[in-house]
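Notes follow once the structure below has been shown.
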Amino acid sequence: MKNVIGVVLGVLGLTLFATPVEAKRWGKDDLKRVRTIEVVSLDSLQGYEKKYVTPDENLNDLFAEKIDSLVNSWYMQNVFEMPVSEVGRDSVPIVSLPDSVYIERLQSIESFIDLSYNKTVKNFIELYTQRRRDQVEMMLGLASFYFPIFEEALDKYDMPMELKYLAIIESALNPAARSRANAVGLWQFMYGTGKMLGLEIGTFVDERRDPVKSTDAAARYLQNLYSIYKNWHLVIAAYNCGPGNVNKAIRRSGGARDYWSIYYRLPRETRGYVPAYIAATYVMNFYQEHNLHPRYPDFPIVTDTLMVNNYLHFDQVEAITEVPVEALRALNPQYRMDIIPAKEDKKYALKIPIEAVADFIDYEEDIYAHEREKFFPNNEIINPKSRSTYHPTDVKGKDKLIYTVKSGDNLGYISEWFHVRTSDLRYWNNIHRNLIRVGQKLVIYVPAGQADFYSGVNRMSFAQKQAFKKKTPVTSARSSSSKVVVDGDYVVYTVRRGDNLWSIARKFPGVSNNDIMRWNNIANASKIQPGQKLRIKPRS
């Protein structure tokens, strides 16, 4: 007689009876590498039995890269305080909570979507709560901005509000995210799917990156998928790999229409989507129990949206309003070449910081007219230069350093520690797709005379390097190329093109915008000019 094991699955209120089976019954190579247990489930709500192999595999690698890519974006590196502790890094041992704790917490969440629990779900929970704590705290902060947008669209189409967590596993809440398969945006639409849903995807505009329009499209797509499957787990799976792959898995599983029954018939990445979704739902509801805290931007970006009715380049906006081009890109990720191809009969939205709205309105004609012939000769878009065009920094006369990659490093961190561009790091070391390995030697060029300042980075702990990145070498007035010179207790900073008081204050830890205004008798923060000298008293 076979051994019969009784298992209580608290999340669904089901009683499961598990008996060992052989992997060859499933005919899947990957099934041979996992614990194979056939589970017969008596569903107390719908009164039928389900048979499936309980998932027990680690798919964290599929989603860890997506989460890590978040910290390399301009927004993260410029308006978030980067992590300063070792907590949550891969070197930290994983301490698991009892399964009963996870099950009880999942059961307590009010969700229209089943929140099942198994080893694969647990692996993802540990990825979020222990291995990627810093990134999760940033996502918690971003959620305060994006979730209201998601909830409004889901409410419009009468969809479950908890579907907002799907964007976490799709893009880590990065609107500029692009997958290896070229899926783009918060909701990771492929080109064909985006066009099918009415999103504009062209040379200058990619609405897959537009948070509002892409979210509306995602809600409509989810609604369509639910009309087909009437099962949210299958909807989430189909959202990732397409209805064709889900239908194929259903057929190969004898017509089973339960996600866990067709689990091992799905592509490997898709197998991770429902467990990752359940884990994301868990962490967004129980982050406090894991001592996770939302990490908000260093300053609140309050924005407004203006409608543009003529060709406009981000450089024109920056020149008059002094809003940095990088900020405009972060707030308007749908414009691929820094150009808004607007016309009188086809207007486009421009999102800018609230403090710049008055300047834009007051000087709108000046903005459109600024170097008009340079950007739009004969009022036409001619041979635009993509912002992706890269020109490497000249290394002539610079000091050369060698840095050894440590566990947990990425190019975003390293570029911050040495105050160089990530694109330069890739160019100097022939790196593609941001992939580096532990022990790899990286060549880094720093300004002449600064090698000693950066020489100790190799020996620092991660926390020390994160603190070090806030320091900049202060050179003497003898250096004609210096932007910062010493003047008693103060340093004198020369304003550069694209600077604003906020970006300048960030160069001096502990210094605020108001401090700089007070020290320099500045009444209007938006009126600083390139070449202007500012006296700044660094905090000790």
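Being a predicted model, the structure only gives us computed values, none of them experimental.
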*asked:* For Ala219 versus Tyr157, what's the shortest heavy-atom pair and its separation?
replied: CB-CD1, 3.6 Å
*Minimum heavy-atom separation for Tyr263 to Pro275, with atom names?*
CE1-CG, 4.4 Å
_Residue pair Leu97 / Arg105, side-chain heavy-atom distance below 4.5 Å_ = yes
*asked:* For Ala249 versus Ser253, what's the shortest heavy-atom pair and its separation?
replied: O-OG, 2.8 Å
*Between Phe286 and Leu292, is any pair of side-chain heavy atoms under 4.5 Å apart?*
no
*asked:* Between Phe112 and Met159, does the side chain to side chain contact (heavy atoms under 4.5 Å, CB included) criterion hold? Intermediate values first, please.
replied: CA-CA 10 Å; Phe112 194 76; Met159 295 284 99; over 6 Å; no
_Determine whether a donor-acceptor pair (N or O, by modelled atom type, separation under 3.5 Å) exists between the side chain of Gln188 and the backbone of Gly185._
yes
*Can you find a heavy atom in the side chain of Pro267 that is under 4.5 Å from one in the side chain of Glu269?*
no
*Heavy-atom side-chain proximity of Met196 to Asn224 below 4.5 angstrom*: no
*Side chain Lys465, main chain Asn458, donor-acceptor under 3.5 Å*: no
*Would you check if the distance from the ring center of His290 to the ring center of Tyr282 is below 6.0 Å?*
yes
*Please test Tyr413 against Phe462 for ring pair (Phe, Tyr, Trp, His ring centres under 6.0 Å), starting from the C-alpha separation and ending with a verdict.*
CA-CA 10 Å; Tyr413 287 143; Phe462 178 78; 5.1 Å; yes
*Answer whether the closest heavy-atom distance between the side chains of Arg295 and Leu140 falls below 4.5 Å.*
no
*Where the side chain of Tyr259 meets the backbone of Arg271, is there a donor-acceptor pair that is under 3.5 Å apart?*
yes
*Sidechain-backbone polar pair: Glu200 side chain, Glu207 backbone, donor-acceptor under 3.5 Å*: no
*To the nearest 0.5 Å, tell me how far Ile262 CD1 sits from Lys248 NZ.*
12.5 Å
*Is a side-chain N or O of His419 found less than 3.5 angstrom from the main chain of Lys469, in a donor-acceptor match?*
yes
*In Å, rounded to the nearest 0.5 Å, how long is the span from CG of Asp216 to CG of Asp210?*
10.0 Å
*asked:* Would you say that Cys241 contacts Tyr273 through its side chain, given a criterion of any heavy-atom pair below 4.5 Å between the two side chains?
replied: no
*To the nearest 0.5 Å, tell me how far Gln440 CD sits from Asn429 CG.*
7.0 Å
*Could you tell me the separation between the OG1 atom of Thr305 and the OH atom of Tyr348, rounded to the nearest 0.5 Å?*
15.5 Å
_Interatomic spacing from CH2 in Trp232 to OH in Tyr226 - rounded to 0.5 Å_ = 6.5 Å
_Looking at every non-hydrogen atom in both residues, tell me the closest pair between Gln334 and Ala349 and how far apart they are._
NE2-O, 4.2 Å
*May I have the step-by-step check of side chain to side chain contact (heavy atoms under 4.5 Å, CB included) for Trp417 and Ile414, ending in yes or no?*
CA-CA 5 Å; Trp417 299 332; Ile414 297 169; 3.9 Å; yes
*Gap between atom CD1 of Ile250 and atom CZ of Arg265 - 0.5 Å precision*: 13.0 Å
*Could you walk me through whether Leu173 and Met138 pass the side chain to side chain contact (heavy atoms under 4.5 Å, CB included) check?*
CA-CA 9 Å; Leu173 298 183; Met138 293 180 198; over 6 Å; no
_Between Arg220 and Leu197 (side chain of the first, backbone of the second, donor and acceptor by atom type, cut-off under 3.5 Å), is there such a pair?_
yes
*Using the side chain to side chain contact (heavy atoms under 4.5 Å, CB included) rule, take Met139 and Arg132 through it: C-alpha gap first, then chi angles, then the decisive distance, then the call.*
CA-CA 11 Å; Met139 286 192 287; Arg132 295 296 188 272; over 6 Å; no
*asked:* Any side-chain to backbone donor/acceptor pair from His233 onto Val274? Under 3.5 Å, distance only.
replied: no
*Does CD belonging to Glu152 count more than 12 external heavy atoms closer than 6.0 Å?*
no
_Strictly distance-based, threshold 3.5 Å: is any side-chain N or O of Asn245 a donor or acceptor partner for the main-chain N or O of Gly242?_
no
*Judged by atom type as modelled, is there a donor-acceptor pair below 3.5 Å linking the side chain of Tyr146 to the main-chain atoms of Pro175?*
no
*asked:* Minimum heavy-atom separation for Leu186 and Ser171, please, with both atom names.
replied: O-OG, 2.8 Å
*asked:* Taking salt bridge (Lys or Arg N to Asp or Glu O under 4.0 Å) as the definition, give me every residue that meets it alongside Lys195, ordered by chain and number, with sequence neighbours left out.
replied: none
*All pairs passing ring pair (Phe, Tyr, Trp, His ring centres under 6.0 Å) where residues 161-196 contributes a residue, at least two apart*: Phe147-Tyr165, Phe150-Trp187
*Which heavy-atom pair separates Pro353 from Val323 by the least distance, and what is that distance?*
CD-CG1, 3.9 Å
*Do Asn291 and His293 have side chains that get closer than 4.5 Å, going by heavy atoms?*
yes
_I want to check something: taking the side chain as every heavy atom from C-beta on, are Leu350 and Asn332 in contact at a cut-off of under 4.5 Å?_
yes
*asked:* Any side-chain to backbone donor/acceptor pair from Asp206 onto Arg208? Under 3.5 Å, distance only.
replied: yes
*Answer yes or no: does atom NZ of Lys351 have more than 12 heavy-atom neighbours from other residues, nucleotides or ligands under 6.0 Å?*
yes
